[in-house]
Amino acid sequence: MIWDPDAEKVISAGAQQSAIDYNVFEGQRVKGLPRYTLSRGRVAYREGKIESPEGHGEFVAREPQPAVNRALSAWKELTAPRPVSRSGIPASGV
């Protein structure tokens with residue numbers, strides 16, 4: 001990837017390649033953009049346009065629940081809110 005640290009743009013849902021019509025970062029200005037991306041020796045992305053031919057690339061099989069997913073699930077379970085069990089109203093001591 002060739003990165004241009006000075007390039008800027010404003011994020012807009014209308015310019016994204018997605019099926020949704022909103023972006024949580026709508027209107028924010030970002031600095032630093034990719035100019036070129038190489039894939040297997042070919043230019044795949046140039047100045048905002050995808051140029052790789054259809055079918056170029058290779059599927060990389062991955063296990064269905066990688067370690068990071070298991071760790072995040074465990075963290076979510078550990079930090080989830082739980083009800084507080086109480087034994088009753090304490091004696092006033094009088």
Side-chain angles (χ1 to χ4, degrees):
M1 177 184 292
I2 308 297
W3 190 259
D4 182 352
D6 297 321
E8 293 184 6
K9 83 173 197 175
V10 176
I11 296 175
S12 169
Q16 68 188 18
Q17 295 183 7
S18 177
I20 59 174
D21 60 352
Y22 66 91
N23 190 311
V24 295
F25 301 106
E26 186 75 31
Q28 290 190 10
R29 178 173 296 280
V30 292
K31 186 171 183 178
L33 299 169
R35 289 297 183 197
Y36 302 92
T37 301
L38 301 171
S39 172
R40 300 170 69 196
R42 291 185 170 174
V43 176
Y45 175 87
R46 180 191 317 260
E47 301 288 338
K49 295 183 180 176
I50 296 174
E51 293 191 358
S52 61
E54 189 173 327
H56 178 75
E58 184 176 329
F59 177 74
V60 178
R62 308 215 185 237
E63 64 178 88
Q65 292 293 326
V68 68
N69 289 39
R70 291 190 302 272
L72 288 172
S73 294
W75 177 253
K76 191 174 180 181
E77 179 72 28
L78 287 170
T79 60
R82 292 180 176 69
V84 176
S85 59
R86 306 205 188 272
S87 60
I89 300 173
S92 64
V94 177

Rounded distance [0.5 Å steps], CZ in Arg35 versus CD1 in Ile2:
12.0 Å
Say you draw a straight line from CD of Glu77 to CG of Leu72; how long is it, rounded to the nearest 0.5 Å?
13.5 Å
For Ser39, does its backbone N or O pair with a side-chain atom of His56 as donor and acceptor, under 3.5 Å?
yes
Counting neighbours of CZ on Arg42 that are heavy atoms of other residues, nucleotides or ligands and sit closer than 6.0 Å, is the number greater than 12?
no
If you round to the nearest 0.5 Å, how far is CD of Glu26 from CD1 of Ile11?
8.5 Å
Group every Ile, Leu, Val, Met, Phe, Trp and Tyr by side-chain heavy-atom contacts under 4.5 Å, then state whether Val30 and Trp3 land in the same group.
no
Within 6.0 Å of CZ in Arg86, more than 12 heavy atoms from elsewhere:
no
Residue pair Val43 / Glu51: nearest heavy atoms and the distance that separates them:
O-CB, 3.9 Å
Results of salt bridge (charged side-chain N to carboxylate O under 4.0 Å, His left out) for Arg29 - residues two or more places apart only
Glu8
Check step by step if side chain to side chain contact (heavy atoms under 4.5 Å, CB included) holds for Met1 and Leu38.
CA-CA 6 Å; Met1 177 184 292; Leu38 301 171; over 6 Å; no
List in chain and number order the residues that pass side chain to side chain donor-acceptor pair (under 3.5 Å) with Gln16, two or more places apart in sequence or in another chain; answer none if no residue qualifies.
Asn23
I would like to know whether Tyr36 and Glu47 meet side chain to side chain contact (heavy atoms under 4.5 Å, CB included); could you show each step before the answer?
CA-CA 6 Å; Tyr36 302 92; Glu47 301 288 338; 3.5 Å; yes
Do other residues, nucleotides or ligands put more than 12 heavy atoms under 6.0 Å from the CZ atom of Arg70?
yes
